[in-house]
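Below is one structure; the comments refer to it alone.
Numbers restart at 1 for each chain; the letters A, B, ... are given by sequence-line order, proteins then strands. Note that the coordinates shown come from a computational prediction; the quantities given were computed from them, not determined experimentally.
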Number of protein chains: 2
Amino acid sequence: MSDRNISKQTIRRIPIYLQHLKDLKIKNMTIISAPSVAAELKLNEVQVRKDFAAMSTTHGKPKTGFIINELIINMESFAGYNNTNEAILVGAGSLGKALLSYKGFEIYGLDIVAAFDIDSRLTGTEISGKVIFPLTEINEISNKYNIKIGIITVPANEAQKVCDVLVCSGIMAIWNFAPVHLTVPADILVQNENMAASLAMLSKHLREHIEGK
Amino acid sequence: MSDRNISKQTIRRIPIYLQHLKDLKIKNMTIISAPSVAAELKLNEVQVRKDFAAMSTTHGKPKTGFIINELIINMESFAGYNNTNEAILVGAGSLGKALLSYKGFEIYGLDIVAAFDIDSRLTGTEISGKVIFPLTEINEISNKYNIKIGIITVPANEAQKVCDVLVCSGIMAIWNFAPVHLTVPADILVQNENMAASLAMLSKHLREHIEGK
DNA sequence: TAGATTGTTAATCGATTAACAATC
DNA sequence: TAGATTGTTAATCGATTAACAATC
């Protein structure tokens with residue numbers, strides 16, 4: 001099942017589907033049709049149908065729809081929410097601190113176990129119960145706990161350097177919050193969380209709106 | 001210039017270009033070619049050429065390239081970093097608090113001036129000097145300061161309700177951190193910051209990596 | 001002139017949406 | 001049977017990449 005070809009965009013829609021399907025389950029519903037989900041989430045009908053077909057182990061039934069429980073289980077498995085993923089975070093500046101103290105990642109199976117920073121005034125201190133270590137200990141700690149996810153929250157000009165260290169210490173996936181392109185070996189995933197890009201979209205819209213009047 | 005058709009993806013690349021161009025400027029360079037930027041940022045050569053051509057007011061010169069200063073000014077204007085955008089934030093939970101105390105948005109021209117929460121234990125308190133008001137005052141405050149950007153950091157099942165309130169009070173662009181689709185009038189922009197989607201991509205990659213062995 | 005770089009048209013790619021037959 | 005819904009093929013769309021002539 002895991003090697004079915006599911007598009008990136010479908011994977012990205014999983015959290016939104018799950019949100020909705022779990023709501024339905026709480027209301028004691030057991031079956032749901034793709035068109036009704038599409039209407040509720042304001043998505044295209046065919047898109048939802050295709051997404052469901054791609055991720056459901058059994059076929060949907062014409063005229064009735066898909067089994068909610070099964071969709072939930074399959075989607076959670078595709079998104080990997082059922083296995084806990086431990087991560088380390090590099091860069092305990094204001095964004096790093098924010099992520100360390102954010103509780104919301106738990107429901108997605110992410111657990112940040114340690115943080116690292118170059119600033120010796122920060123190392124040794126704790127944020128939300130997570131100790132900040134010096135950068136030099138990345139290798140030791142990530143190996144000890146067999147960490148596979150690295151979160152980068154350092155300034156843009158440090159990001160590649162940190163990225164290289166993470167890759168060397170066996171990290172397989174990087175969540176990058178710095179607004180730079182990171183170069184990594186082919187089997188490592190870089191997932192960019194580009195807030196600067198979102199801000200650019202927001203202010204472009206505002207500029208056009210104001211000029212348009 | 002502002003109504004040239006620039007693709008969404010080009011806008012999203014602006015922060016990365018700016019980062020690099022400003023670095024070059026600090027090194028006292030005045031001219032740069034698209035291929036050299038492409039090589040440095042690991043982007044496709046044609047993509048950079050097209051992006052530059054779309055955003056530069058004057059043409060690039062064959063054999064030499066583009067004027068760095070001009071690119072910077074034009075890109076900043078497209079991304080709207082030169083005008084300060086004031087925003088309000090709704091939902092002072094852990095993610096909301098994190099964003100309130102994050103200093104990094106300033107360089108992109110974003111200024112969060114107030115926060116709102118439904119929880120009466122939070123209202124009246126301050127986070128990083130920003131007062132938290134009750135939800136009922138959104139309309140009054142956003143009108144008073146003519147706020148155009150709303151940031152939503154409430155739980156998914158509250159997000160649409162909050163969104164409606166923001167739209168009613170004259171907000172033109174919404175930065176949505178809740179993993180739901182928001183329905184808004186056609187002239188309002190919703191920019192989704194879907195961290196759950198990123199986490200889904202990360203764990204899918206890890207699962208495949210582990211299964212692949 | 002030779003060669004690097006720009007600007008632009010055409011080909012390709014991934015994803016979305018439309019159309020429609022198959023099914024319960 | 002009639003009609004809603006699934007599954008799937010074809011058309012469309014936006015963005016990326018390849019190819020190549022124009023320019024300095």
Side-chain angles (χ1 to χ4, degrees), chain A residues 1 4-14 16-17 21 24 29-68 70-71 74-75 78 181 189 191-192 194 197 200-201 204-205, chain B residues 1 4-14 16-17 21 24 29-68 70-71 74 78 181 189 191-192 194 197 200-201 204:
Chain A
M1 155 181 115
R4 257 187 285 166
N5 53 332
I6 296 203
S7 82
K8 286 185 185 180
Q9 295 306 314
T10 299
I11 298 288
R12 293 184 62 88
R13 280 188 290 271
I14 289 180
I16 291 176
Y17 289 135
L21 292 173
L24 297 176
M29 296 175 63
T30 54
I31 295 207
I32 193 74
S33 76
S36 77
V37 170
E40 192 66 34
L41 299 178
K42 302 289 186 312
L43 297 174
N44 180 285
E45 205 176 291
V46 185
Q47 188 171 66
V48 176
R49 226 186 302 155
K50 277 198 164 177
D51 284 350
F52 282 12
M55 291 189 283
S56 177
T57 34
T58 60
H59 281 208
K61 255 201 195 137
K63 187 109 195 247
T64 48
F66 296 80
I67 298 162
I68 292 176
E70 210 191 275
L71 283 176
N74 284 314
M75 287 186 185
F78 268 108
H181 175 99
L189 176 77
Q191 183 63 40
N192 292 301
N194 199 342
M201 299 286 288
K204 176 179 174 269
H205 174 80
Chain B
M1 155 181 115
R4 257 187 285 167
N5 53 333
I6 296 202
S7 82
K8 287 185 184 180
Q9 296 308 312
T10 300
I11 298 288
R12 293 183 63 89
R13 280 189 289 272
I14 289 179
I16 291 175
Y17 288 137
L21 292 172
L24 296 176
M29 295 174 65
T30 56
I31 295 206
I32 193 74
S33 76
S36 77
V37 170
E40 193 65 32
L41 299 178
K42 302 289 187 311
L43 297 173
N44 180 285
E45 204 176 292
V46 186
Q47 188 171 67
V48 176
R49 227 186 301 155
K50 278 197 162 177
D51 285 350
F52 282 13
M55 293 190 280
S56 178
T57 34
T58 61
H59 282 207
K61 254 200 196 140
K63 187 109 195 245
T64 48
F66 296 80
I67 299 160
I68 292 176
E70 211 190 275
L71 283 176
N74 285 313
F78 269 107
H181 175 98
L189 176 77
Q191 182 64 40
N192 293 300
N194 199 343
M201 299 285 289
K204 178 181 173 265

Spacing of [X] atom [atom1] relative to [N] atom [atom2], expressed in whole Å:
| X | N | atom1 | atom2 | result |
| --- | --- | --- | --- | --- |
| A/Ile31 | D/dA4 | CD1 | C1' | 14 Å |
| B/Lys42 | D/dT17 | NZ | C1' | 18 Å |
| A/Ile67 | D/dT6 | CD1 | P | 13 Å |
| A/Asp51 | D/dT6 | CG | P | 13 Å |
| B/Phe52 | C/dT5 | CZ | P | 13 Å |
| B/Gln47 | C/dT12 | CD | P | 19 Å |
| A/Arg12 | C/dA15 | CZ | P | 12 Å |
| A/Ile11 | C/dG14 | CD1 | P | 16 Å |

Heavy-atom donor-acceptor pair, B/Gln191 side chain to A/Met201 backbone, under 3.5 Å
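Not a single qualifying donor-acceptor pair exists.
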
On DNA chain C, compare the nucleotides closest to B/Val46 and A/Leu43; which residue's is nearer the 5' end?
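That would be B/Val46.
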
So which one's nearest nucleotide on DNA chain C is more toward 5', A/Lys8 or B/His59?
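Between the two, 5'-proximity favours B/His59.
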
Using purine N1 to pyrimidine N3 plus N6-O4 or O6-N4 for Watson-Crick, or N1-O2 and O6-N3 for G-U wobble, each under 3.5 Å, what pairs with D/dA11?
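Check on D/dA11: paired to C/dT16, both distances under 3.5 Å.
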
Could you tell me the Watson-Crick or G-U partner of D/dA22, where both distances fall under 3.5 Å? Say none if there is no partner.
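Its partner is C/dT5 (Watson-Crick or G-U wobble, both distances under 3.5 Å).
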
Working note: B/Tyr17 + B/Leu43, criterion side chain to side chain contact (heavy atoms under 4.5 Å, CB included); need CA distance, chi angles, decisive distance, verdict.
CA-CA 11 Å; B/Tyr17 288 137; B/Leu43 297 173; 3.8 Å; yes

Could you check whether B/Asp51 and B/Thr10, counting side-chain N and O atoms only, form a donor-acceptor pair closer than 3.5 Å?
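Judged by distance alone, the side chains do pair up.
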
Any [X] side-chain N or O less than 4.0 Å from OP1/OP2 of [N]:
| X | N | value |
| --- | --- | --- |
| A/Asn44 | C/dA18 | yes |
| A/Gln9 | C/dA15 | no |
| A/Arg13 | C/dT16 | yes |

Residue [X], side-chain atoms from C-beta onward, closest of [options]:
| X | options | answer |
| --- | --- | --- |
| A/Lys63 | D/dT6, D/dA15, D/dA4 | D/dA4 |
| A/Ala34 | D/dT6, D/dA15, C/dA15 | D/dT6 |
| A/Pro62 | C/dT23, D/dT16, D/dC24 | C/dT23 |
| B/Ser7 | D/dA15, D/dT6, C/dT17 | D/dA15 |

List the atom of A/Met75, the atom of A/Phe52, and the distance in Å for their closest heavy-atom pair.
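Distance-wise, the nearest heavy atoms are CE-CE1, 3.5 Å.
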
Given the structure, check if the side chain of B/Lys50 and the base of D/dT17 hold any donor-acceptor pair shorter than 3.5 Å.
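Answer yes: a donor N or O sits under 3.5 Å from an acceptor.
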
Any heavy-atom pair between the side chains of A/Met55 and A/Ile14 that's under 4.5 Å?
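Touching, per the 4.5 Å side-chain cut-off.
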
